[in-house]
Participant: 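First the structure, which I've put down as structure tokens, then a few questions once you've had a look.
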Amino acid sequence: MRMPGSFFAGPVRLVLGCLLSLLPLAASAAGQSGFVQVEGTRFVLDGKPYRFAGANFWYGAYLGAPGDIGDRERLRAELDQLKAAGIDNLRVLAMSEASGFKRGVSPAIMAGPGQYDEQLLQGLDYLLAEMARRDMKAVLYLNNFWQWSGGMSQYVSWATGAPVLDPDAHGDWNGFMQNSARFYAIAEAQSWYRDAIRQVVGRTNSITGVAYADDPTVMSWQLANEPRPGSDRDGRANFEAYRAWIADTAGFIRRLAPKQLVSTGSEGEKGSLGDMALFLQAHDTPNVDYLTFHLWPSNWGWIDHGDPAARLDTGLATSLAYIDRHIEVAGKLGKPIVLSEFGLNRDRGSYDPASGVEARDRFYRAIYDRLLERAGAGKPIAGSNFWAWGGRGRTDNPDWMWQAGDPFTGDPPQEAQGLFSLFDSDASTLELVSAHARAIRALP
Ligand code: IFL
């Protein structure tokens, strides 16, 4: 469905917005809802299978913000470039929390419990309006297990009054993860989180006048980016709270947005204490419409960050087996599954956009081939989002790290700018993504 542009103003915009918000309902009666829906183990859109090649675009709402934070011209140009390449499903951060983390993004959408930055929310409005004009779909995540957007740790800090445990300052990842996971069981933190969810899911787009919950541009709400029960070593004790949090929060979102889908944002087995049975259990609730999993072979030690070519073959074999196992679990639960993050380093571990991507291209090709083959065989894999679109973002900083006010890239502030970004100049990788987009869309 196409949305009007920002040139409509005042009462005209409101009336149009009201009319548009009725459209999905009227259309749904005719079986042409424009909303992505789940039918068995596949997605359908307007009566046809919906399969996609998408991207992660965590900073999309930031680019859309008015004023100095945003860059709307860049956003429009890059949405055009993505769309032209066949990339029309974008996974985006929809809530961030102001934090004391050394490598947290700033500004944040949420300055403190109940305090929201209207400019950044308007950035999300703008992004969704521009995506609608290009017939793209959004997957919006509402929290983060990791430190780079404040996330669960910051809620814990607000509730307890204790400072965050910053892994970028002291290197204690086990402590950080366990602290982040306290979030699931702190009632006050949960009530602030639900308020944040209400702010976003219950919002009406200031540009189109369409309620977010009535906007077919939003394919899915995600509970968080990579929620985990805790650290691999000590997380088991938190599992019940984590499982209950998934079922309850997903139910809460479903009630606010019954036309849209709900997913968790999980990495799969690797984000479930390395235990596939826990992944399955956590997602065995009718409130979660489909499964997600992520694939990070160099983060997980299957391939070397500094030389991705060196162990590419064995790392790929492990990666493909990881993909197959997750598709199988989705079949068991009778739900579709999406590979919603995957990525690999540039050649020789460089961050420089001018450096080679031979190993990365081999990796992308192998992953896409496997997804296409499985989807073609009728398996529940429905799509993928590579990590991450870096577009024209570049850094001049000698340590490659992001500083407040720098242009955004696909790599969030806790990581070197160029680590996993697919830049607008990465023509060979973009062509691979494009070819996959055409192929997966052409499946019957
Ligand atoms: O930047 C990371 C992000 O936090 C995520 N998964 C892995 C990315 C690359 O390390 O969600």
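Both counts, for ligands and for their atoms, begin at 1 and track the order of listing.
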Participant: By number and element, which atoms of ligand 1 are closer than 4.0 Å to a non-hydrogen atom of N225?
Facilitator: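 Answer for ligand 1: 4 (O), 5 (C), 11 (O).
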Participant: Out of the candidates T292, N225, N385, only one should pair with R91 under the side-chain hydrogen bond (donor to acceptor under 3.5 Å, both in side chains) rule; please name it.
Facilitator: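 The single option meeting the side-chain hydrogen bond (donor to acceptor under 3.5 Å, both in side chains) with R91 is N225.
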Participant: Which atoms of ligand 1 sit under 4.0 Å from any heavy atom of E341?
Facilitator: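 Result: 5 (C), 6 (N), 7 (C), 11 (O).
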Participant: Under a 4.0 Å threshold between the charged nitrogen and the carboxylate oxygen, would D304 count as salt-bridged to R311?
Facilitator: yes
Participant: By number and element, which atoms of ligand 1 are closer than 4.0 Å to a non-hydrogen atom of W146?
Facilitator: 4 (O)
Participant: At less than 4.0 angstrom from any non-hydrogen atom of W148, what atoms of ligand 1 do you find?
Facilitator: 3 (C), 4 (O)
Participant: Relative to the heavy atoms of P412, which atoms of ligand 1 are at a distance of less than 4.0 Å?
Facilitator: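 Taking each heavy atom of P412 in turn, ligand 1 has 1 (O) under 4.0 Å.
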Participant: Any N or O of E226 that comes nearer than 3.5 Å to an N or O of ligand 1?
Facilitator: yes
Participant: Please identify which atoms of ligand 1 are closer than 4.0 Å to at least one heavy atom of Q414.
Facilitator: 1 (O), 2 (C), 4 (O)
Participant: On the 0 to 90° scale, with breaks at 30° and 60°, tag the Y290-F43 ring pair as parallel, tilted or perpendicular.
Facilitator: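 It falls in the perpendicular class, over 60°.
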Participant: Taking NZ in K335 as the centre, count heavy atoms belonging to other residues, nucleotides or ligands within less than 6.0 Å. Is the count above 12?
Facilitator: yes
Participant: List the steps and the verdict of ring-ring contact (aromatic ring centres under 6.0 Å, His included) for Y368 and F342.
Facilitator: CA-CA 11 Å; Y368 282 148; F342 65 96; 5.6 Å; yes
